There are 4 protein chains.
Amino acid sequence: MKKDKPKYRQIIDAAVVVIAENGYHQAQVSKIAKQAGVADGTIYLYFKNKEDILISLFQDKMGHFIERIEEQIAGKERAVEKLLVMVESHFTMLSQDRHLAIVTQLELRQSNKELRLKINEVLKGYLSLVDKILVEGKENGEFSGNLETRLARQMIFGTMDEVVTTWVMNDQKYDLPSLAPSVHQLLISGCKAD
Amino acid sequence: MKKDKPKYRQIIDAAVVVIAENGYHQAQVSKIAKQAGVADGTIYLYFKNKEDILISLFQDKMGHFIERIEEQIAGKERAVEKLLVMVESHFTMLSQDRHLAIVTQLELRQSNKELRLKINEVLKGYLSLVDKILVEGKENGEFSGNLETRLARQMIFGTMDEVVTTWVMNDQKYDLPSLAPSVHQLLISGCKAD
Amino acid sequence: MKKDKPKYRQIIDAAVVVIAENGYHQAQVSKIAKQAGVADGTIYLYFKNKEDILISLFQDKMGHFIERIEEQIAGKERAVEKLLVMVESHFTMLSQDRHLAIVTQLELRQSNKELRLKINEVLKGYLSLVDKILVEGKENGEFSGNLETRLARQMIFGTMDEVVTTWVMNDQKYDLPSLAPSVHQLLISGCKAD
Amino acid sequence: MKKDKPKYRQIIDAAVVVIAENGYHQAQVSKIAKQAGVADGTIYLYFKNKEDILISLFQDKMGHFIERIEEQIAGKERAVEKLLVMVESHFTMLSQDRHLAIVTQLELRQSNKELRLKINEVLKGYLSLVDKILVEGKENGEFSGNLETRLARQMIFGTMDEVVTTWVMNDQKYDLPSLAPSVHQLLISGCKAD
DNA sequence: GATGAATGAGTCTTCATTCAT
DNA sequence: TATGAATGAAGACTCATTCAT
């Protein structure tokens with residue numbers, strides 16, 4: 001399996017650094033190769049093309065991201081608590097990897113429609129996690145029975161995304177995780193109300 | 001004033017169509033010129049360069065957008081009502097101009113950081129409008145006194161943006177304006193609660 | 001006759017200024033029109049095309065140049081004296097019109113081969129003047145009978161040209177006419193010797 | 001070292017041919033690449049940009065030119081002899097490379113001021129060589145002690161340049177090297193006198 | 001005669017990808 | 001496996017000239 005070989009990860013990690021430091025449009029394959037310490041041609045032994053690097057990067061990082069959140073949530077019983085843990089983890093993980101935050105919030109969005117559709121595929125895993133929490137909350141009475149899951153999920157995801165993007169655009173100069181409780185409060189109010 | 005000449009608008013409108021139909025990266029100046037019915041060189045009598053077309057496009061359309069929302073809001077007294085009108089207008093206007101929706105939600109986000117910074121400048125006008133409603137709502141007791149304006153604004157903007165983007169990505173195949181009441185409900189619940 | 005109308009000269013004089021101040025490749029027709037105080041299209045009522053402006057400029061200025069030298073020479077009897085007057089006039093006239101000096105020594109040489117051939121046509125008048133002096137000098141024994149007129153003329157013209165060009169390239173910061181006697185001395189030594 | 005690779009010379013030599021045959025303004029990079037038998041992009045592996053090709057061309061050819069003249073001169077003892085060798089070599093080398101003669105005498109002079117300034121830098125090497133011969137000649141009594149080195153150098157260089165340019169403009173249809181003795185005679189007469 | 005808005009041809013450079021070694 | 005030299009397609013912008021008014 002190619003994904004287990006050390007150069008595979010070397011290249012992915014190099015891509016995150018290069019994109020974060022140079023921007024999406026200045027992240028040439030040759031720069032990524034140099035940062036990874038391999039020849040340009042070597043990239044193509046591990047990835048089909050440049051787009052494949054970016055998708056793999058997103059899958060890899062976001063997969064890990066979701067796994068971690070699922071682990072954290074596992075121990076909690078109530079939907080409200082789970083949502084808090086999710087917001088906290090989301091904010092904490094991104095604030096701990098400044099390069100990744102820049103890449104996911106700003107740079108990767110400059111990619112073309114096709115790539116963004118594939119990124120959305122990856123995000124679906126995250127979105128179903130949110131959906132699962134919402135359904136659970138509705139079932140056990142924490143959230144309003146009338147709550148429209150899809151819209152609520154869009155509110156939750158849209159709000160977190162906007163908060164993180166604003167933070168990145170402000171050069172990450174304030175503490176993101178400490179915003180989690182307030183954001184959580186806003187979100188569950190929306191979900192609880194009729 | 002160049003902006004008042006008919007060709008100025010012709011070119012802007014042509015740019016919206018070309019970008020929506022071909023995507024940001026396939027929107028060559030020559031295509032825009034052809035769509036506008038003018039020669040390539042004529043573009044440069046009205047715009048400094050390609051980027052200037054895109055910024056002008058955003059300023060023009062978004063300026064109009066904000067003006068319309070301000071007009072609609074003017075007649076309302078309560079913050080809650082104003083928010084409803086805003087969400088309704090936002091959704092209605094974008095669903096009435098499918099090309100513009102594609103351009104603002106998907107294509108223009110592929111622009112480089114510099115252009116996006118200028119786009120953000122334009123958006124600040126919209127964000128202050130939201131802020132004004134929130135402050136008003138807090139003052140007259142409609143919203144919780146503890147509500148953090150900045151976070152609430154990010155929730156409102158992030159939620160609307162996510163809802164519209166999802167709708168565009170689903171090829172605008174359901175009715176967007178009819179989602180306004182539910183979205184509004186979600187948002188004000190968040191704002192009302194303590 | 002177009003050449004006698006005031007706008008004809010206005011445009012020529014404007015061209016000298018614009019080329020001297022902006023360089024040959026930055027001397028657009030629209031800039032010349034603006035400097036001349038006429039519309040772009042008006043240029044084409046007086047000149048066939050841009051090249052025609054430049055040729056006319058050279059003919060006009062250089063024609064005047066040669067006429068003046070011929071007048072000055074007329075009063076002199078000896079070839080050696082005539083040569084001195086020529087070098088002095090040449091240097092003096094160019095040092096009195098700094099713009100023209102820049103245009104003839106530096107900028108107009110950037111023109112394409114075709115234009116330069118036409119410029120050479122104009123210069124032939126000057127060269128025959130030199131030839132006439134040389135033949136005269138040989139006939140009356142001032143210069144060596146073996147002197148090859150063509151080469152001597154190339155030495156005279158090449159030397160004067162190089163001296164003026166060096167002066168222009170050094171931003172005209174020393175006094176050019178005062179070099180005339182030494183240059184003259186060098187040239188007649190070459191002509192006198194066997 | 002890039003300059004030692006065969007493609008570097010291939011491209012330079014191709015540039016000389018293309019410029020000589022098509023003229024400076026019709027010497028597109030793609031034409032040079034085709035003549036060199038490489039892809040357009042390959043040019044940019046060896047040169048920073050188009051201007052860099054032209055500067056390198058001049059440095060390379062003129063560097064070689066000066067070296068050859070220095071070698072030839074080395075064996076001579078008297079300044080007068082050295083000057084003869086210089087004129088002979090200058091004329092001979094250019095008459096042996098008709099393309100190069102066209103490029104240096106006509107085409108490269110159409111370049112913009114910036115490029116010509118860099119060309120002048122290269123020429124300084126040649127000019128100091130002339131100066132060295134002149135100083136030597138003055139010291140050992142071959143030339144007049146009053147000779148102004150700068151003016152004499154301008155005469156020598158200006159005369160040779162004018163003679164060669166006239167020859168090129170006349171389509172190189174007479175024998176240039178055979179003019180060397182006469183030109184040399186003219187020049188040393190100027191230097192010896194007074 | 002005079003205007004100036006409109007035209008449209010023409011070119012340097014980048015960079016993802018390949019393939020001989 | 002790994003290399004890296006070579007490839008070649010693709011697009012924004014300028015400016016001399018025209019022509020309807």
Side-chain angles (χ1 to χ4, degrees), chain A residues 2 5-7 11 25-34 36-54, chain B residues 2 5-8 10-11 25-34 36-54, chain C residues 2 5-7 11 25-34 36-54, chain D residues 2 5-8 10-11 25-34 36-54:
Chain A
K2 293 213 159 157
K5 300 206 177 168
K7 287 207 171 135
I11 294 168
H25 290 292
Q26 280 307 304
Q28 293 88 349
V29 171
S30 60
K31 259 188 204 153
I32 296 174
K34 195 170 192 180
V38 301
D40 293 18
T42 304
I43 299 265
Y44 292 86
L45 298 175
Y46 294 89
F47 299 90
K48 212 166 79 240
N49 51 34
K50 186 179 180 183
E51 194 180 53
D52 189 30
I53 307 176
L54 304 177
Chain B
K2 292 220 158 145
K5 299 201 177 170
K7 293 225 163 101
Y8 181 88
Q10 260 176 61
I11 294 168
H25 291 292
Q26 280 306 306
Q28 294 89 348
V29 170
S30 60
K31 261 188 203 153
I32 297 173
K34 198 171 192 178
V38 300
D40 291 19
T42 305
I43 300 265
Y44 293 89
L45 297 176
Y46 294 89
F47 300 91
K48 213 166 75 237
N49 50 33
K50 188 180 177 182
E51 192 182 53
D52 189 30
I53 307 177
L54 304 177
Chain C
K2 292 215 158 153
K5 300 207 177 169
K7 290 210 169 133
I11 293 168
H25 291 292
Q26 280 307 303
Q28 293 88 350
V29 171
S30 60
K31 260 188 202 152
I32 296 174
K34 196 170 192 181
V38 302
D40 292 17
T42 304
I43 299 266
Y44 291 86
L45 298 174
Y46 293 89
F47 299 90
K48 211 167 78 241
N49 51 33
K50 186 179 178 181
E51 191 180 55
D52 189 30
I53 307 176
L54 304 177
Chain D
K2 292 222 156 141
K5 299 202 178 168
K7 293 224 163 102
Y8 181 88
Q10 259 176 61
I11 294 167
H25 291 293
Q26 279 306 305
Q28 294 88 348
V29 171
S30 61
K31 261 187 203 152
I32 296 174
K34 197 169 191 179
V38 300
D40 292 19
T42 305
I43 300 265
Y44 293 87
L45 297 176
Y46 294 89
F47 299 91
K48 214 166 76 241
N49 50 34
K50 187 180 177 181
E51 193 182 52
D52 189 29
I53 306 177
L54 305 177

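So that the names make sense, note that chain A is the first sequence line, chain B the second, and so on, each numbered from 1. All values reported here derive from a predicted model rather than from experimental measurement.
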* Structure fact -> The contact string for nucleotides 15-21 of chain E, one letter per nucleotide 5' to 3', using protein heavy atoms under 4.0 Å with B, S and - for base, sugar-phosphate only and none, comes out as SSBB---
* Looking at five pairs on each end of the helix from dA2(E)-dT21(F) to dT21(E)-dA2(F), what is the angle between the two axes, given to 10 degrees? -> 10°
For [X] and [N], what is the distance between atoms [atom1] and [atom2] respectively, to the nearest whole Å?
X: Ile43(B); N: dC13(F); atom1: CD1; atom2: P; result: 11 Å
X: Lys34(C); N: dG4(E); atom1: NZ; atom2: C1'; result: 13 Å
X: Ile53(D); N: dT11(E); atom1: CD1; atom2: C1'; result: 13 Å
X: Gln10(D); N: dA5(F); atom1: CD; atom2: P; result: 16 Å
X: Phe47(B); N: dT14(F); atom1: CZ; atom2: C1'; result: 18 Å
X: Tyr8(D); N: dA6(F); atom1: OH; atom2: P; result: 15 Å

* Asked: Could you give all pairs that pass the side chain to side chain donor-acceptor pair (under 3.5 Å) test and reach residues 42-52 of chain C, with sequence neighbours left out?
  -> Asp52(C)-Ser56(C)
* Report the distance from atom CD1 of Ile32(A) to atom CD1 of Ile53(A), rounding to the nearest 0.5 Å. => 4.5 Å
* Asked: Between atom CG of Asp40(B) and atom CD of Gln28(B), what is the distance when rounded to the nearest 0.5 Å?
  -> 10.5 Å
* Asked: Base, sugar-phosphate, or nothing for Tyr46(A), non-hydrogen atoms under 4.0 angstrom?
  -> sugar-phosphate
* To do: Please check the phosphate of dT1(F) (OP1 and OP2 only) for any side-chain N or O of Lys7(A) closer than 4.0 Å.
  => no
* **Residue-phosphate contact under 4.0 Å: Lys5(C) side-chain N/O, dG1(E) OP1/OP2** => yes
* To do: Decide side-chain contact (heavy atoms from CB on, under 4.5 Å) for Lys34(C) and Lys31(C); before the verdict, give the C-alpha distance in whole Å, the side-chain angles of both, and the deciding distance to 0.1 Å.
  => CA-CA 5 Å; Lys34(C) 196 170 192 181; Lys31(C) 260 188 202 152; 5.7 Å; no
